[in-house]
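Notes to accompany the following structure.
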Amino acid sequence: MIHATLHQLIVFEATARHGSFTRAAEELSITQPTVSTQMKQLTKSVGLPLFEQIGKRLYLTEAGRSLLVTCQAVLKDLDNFEMAIADIKGIKQGKLRLAAVSTAQYLIPQILGPFCQQYQGVDVSLELTNHQDLETRMINNVDDLYILSEPPQELNLEIQPFLENPLVVIARKDHPLAGQKKIPIKRLQGEPFIMREMGSGIRRAVQQIFLDHGITVSLRLEIGNNEAIKQAIAGGLGISVLSQHVLNLDPPNGEFTILDVEDFPIQRHWYVVYPKDKKLSVIAKTFLDYLL
Ligand code: PGA
């Protein structure tokens, strides 16, 4: 490996991530023959094939997978080094990798706007997904910070709450229960319902409360996207339980209403978390302070 260059490792990491020479070349703004030459030289230095090609896609060999882990650690360390040097120079500069649960899309961009204005050298990537995916990302140490409502108990995490994230029953404005007060939860029995996908924290919370009260709703549709669920409610397909924040950008007299069902809202929080043994980068620390 003594002859491998840093550039080859960067090209390898991008190729492995995309499973394609062409897409790696596009991302790095170099030509595809340059990528394949660099990979040939790196393969020679390692002494074993790094990829195998099946159809159009490249798959990592065992040696390739092992190199990728090393490569990601080296590149992350270099990123951290660059951030530390910039910090010594009095500049906040570098990459911030955030991953958040779906409903944070209604909040995090508004926080990131002024943050990025204050720290113009910071380059942010924000991955929005559900709780199950986020847990996998934490285990694989993919991001700097995670924003979610149900921190997994089994991981050793640093956890800080920063805002309420209540779950409410959302219906179309003309729903027969709209405007009624203290609706007993039993009235939801048999209601056409739109549910989030497996792996969603909202789905888990909803299933738990219905189970606790012996309620069975009539599952009309399962969708992995809060905005699409809103469209389904607006289309008259049924009601749903979502974070109150999904209505943040809707006008107060818009097409939705929150039903005043007893035992709702389900009170929850958003937490910002990261593995306890993780050394936060300068930029991640700056964002954490800003957020809190
Ligand atoms: P989910 O989480 O995307 O996993 O359902 C959203 C939330 O807890 O607000």
Side-chain angles (χ1 to χ4, degrees), residues 13-14 16-20 23 27 57 59-60 65 68-69 71-73 75-76 79 95-112 123-167 194-209 219 221-232 240-246 248 266 268-278 280-281 283-284 287-288 291:
E13 194 277 332
R17 197 159 22 84
H18 291 297
S20 152
R23 293 186 55 197
E27 178 182 307
R57 200 184 151 86
Y59 292 87
L60 288 171
R65 280 196 295 277
L68 181 61
V69 174
C71 224
Q72 284 169 336
L75 296 178
K76 217 175 239 181
D79 269 357
K95 185 138 184 122
L96 173 65
R97 292 179 192 83
L98 294 177
V101 288
S102 61
T103 49
Q105 84 180 84
Y106 300 94
L107 172 87
I108 297 301
Q110 277 108 309
I111 295 174
L112 281 174
D123 174 16
V124 186
S125 73
L126 170 62
E127 178 74 25
L128 291 167
T129 179
N130 66 25
H131 272 81
Q132 192 172 309
D133 272 358
L134 224 59
E135 189 170 337
T136 311
R137 293 176 75 91
M138 273 184 226
I139 292 168
N140 293 327
N141 191 24
V142 179
D143 311 279
D144 294 320
L145 296 169
Y146 302 86
I147 291 161
L148 74 174
S149 341
E150 295 168 25
Q153 301 297 317
E154 60 283 8
L155 303 182
N156 190 19
L157 301 172
E158 196 64 54
I159 303 172
Q160 278 160 302
F162 66 93
L163 197 71
E164 289 177 355
N165 181 20
L167 296 185
I194 307 151
M195 186 72 99
R196 282 283 308 275
E197 79 289 2
M198 295 273 280
S200 145
I202 294 183
R203 180 189 177 110
R204 262 202 308 258
V206 171
Q207 285 181 326
Q208 190 58 51
I209 194 165
L219 197 61
L221 205 57
E222 198 177 297
I223 317 182
N225 179 299
N226 298 313
E227 272 305 303
I229 291 185
K230 281 172 67 185
Q231 293 310 316
S240 190
V241 172
L242 293 174
S243 163
Q244 191 168 340
H245 290 275
V246 308
N248 275 359
I266 302 174
R268 301 148 88 232
H269 282 88
W270 268 313
Y271 300 92
V272 56
V273 313
Y274 58 93
K276 270 205 167 114
D277 49 11
K278 186 175 177 76
L280 288 186
S281 70
I283 300 298
F287 181 71
L288 184 62
L291 180 70

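Fair warning: this is a prediction, and the values are worked out from it, not measured in the lab.
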Can you name the salt bridge (charged side-chain N to carboxylate O under 4.0 Å, His left out) partners of [X], sequence neighbours left out?
{"X": "D79", "result": "R97"}
{"X": "E222", "result": "R203"}
{"X": "R204", "result": "E150"}

Name all residues meeting the side-chain contact (heavy atoms from CB on, under 4.5 Å) criterion together with [X]; count only those two or more places apart in sequence or in a different chain, and write none if there are none.
{"X": "N140", "result": "T136, V142"}
{"X": "A73", "result": "none"}
{"X": "E154", "result": "E135, P152"}
{"X": "R17", "result": "E13, A14, E27"}

(request) For Q207, enumerate each residue passing the side-chain hydrogen bond (donor to acceptor under 3.5 Å, both in side chains) test, keeping only those at least two apart in sequence or located in another chain. (result) none
(message) Y271: which residues meet the side-chain hydrogen bond (donor to acceptor under 3.5 Å, both in side chains) condition with it, sequence neighbours left out?
(response) none
Minimum heavy-atom separation for [X] to [Y], with atom names?
{"X": "L98", "Y": "V124", "result": "CD1-CG1, 4.3 Å"}
{"X": "S102", "Y": "R196", "result": "OG-NH1, 2.9 Å"}
{"X": "L280", "Y": "D144", "result": "CD2-O, 3.8 Å"}
{"X": "L145", "Y": "A284", "result": "CD1-O, 3.6 Å"}
{"X": "A104", "Y": "P109", "result": "O-CD, 3.7 Å"}
{"X": "I223", "Y": "A232", "result": "CD1-CB, 4.1 Å"}

Side chains of residues 155-167: which donor-acceptor pairs under 3.5 Å do they make with residues two or more places apart or in other chains?
| residue | atom | partner | partner atom | Å |
| --- | --- | --- | --- | --- |
| N165 | OD1 | S243 | OG | 2.6 |
| N165 | ND2 | S149 | OG | 3.2 |

(request) Output, in order, the C-alpha distance, side-chain angles, deciding distance and verdict of side-chain contact (heavy atoms from CB on, under 4.5 Å) for Q208 and I266. (result) CA-CA 11 Å; Q208 190 58 51; I266 302 174; over 6 Å; no
(message) Return the CG to OH distance between D143 and Y274, rounded to the nearest 0.5 Å.
(response)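 Taking CG in D143 and OH in Y274, the distance rounds to 15.0 Å.
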(message) Once rounded to the nearest 0.5 Å, what's the spacing between atom OG1 of T103 and atom CG of N248?
(response) 10.0 Å
(request) With the side chain counted from C-beta on, respond yes when D133 and E127 share a heavy-atom pair under 4.5 Å apart, and no when they do not. (result)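 In short, these two side chains do not touch, never coming nearer than 4.5 Å.
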(request) Show your working on side-chain hydrogen bond (donor to acceptor under 3.5 Å, both in side chains) between Y106 and E227 and close with a plain yes or no. (result) CA-CA 10 Å; Y106 300 94; E227 272 305 303; 2.7 Å; yes
(request) Please list, chain by chain and in numerical order, all residues satisfying ring pair (Phe, Tyr, Trp, His ring centres under 6.0 Å) with H245, sequence neighbours excluded. (result)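 H245 satisfies ring pair (Phe, Tyr, Trp, His ring centres under 6.0 Å) with W270 once adjacent residues are dropped.
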(message) Just to verify, what does Y146 make a ring pair (Phe, Tyr, Trp, His ring centres under 6.0 Å) with, not counting sequence neighbours?
(response) none
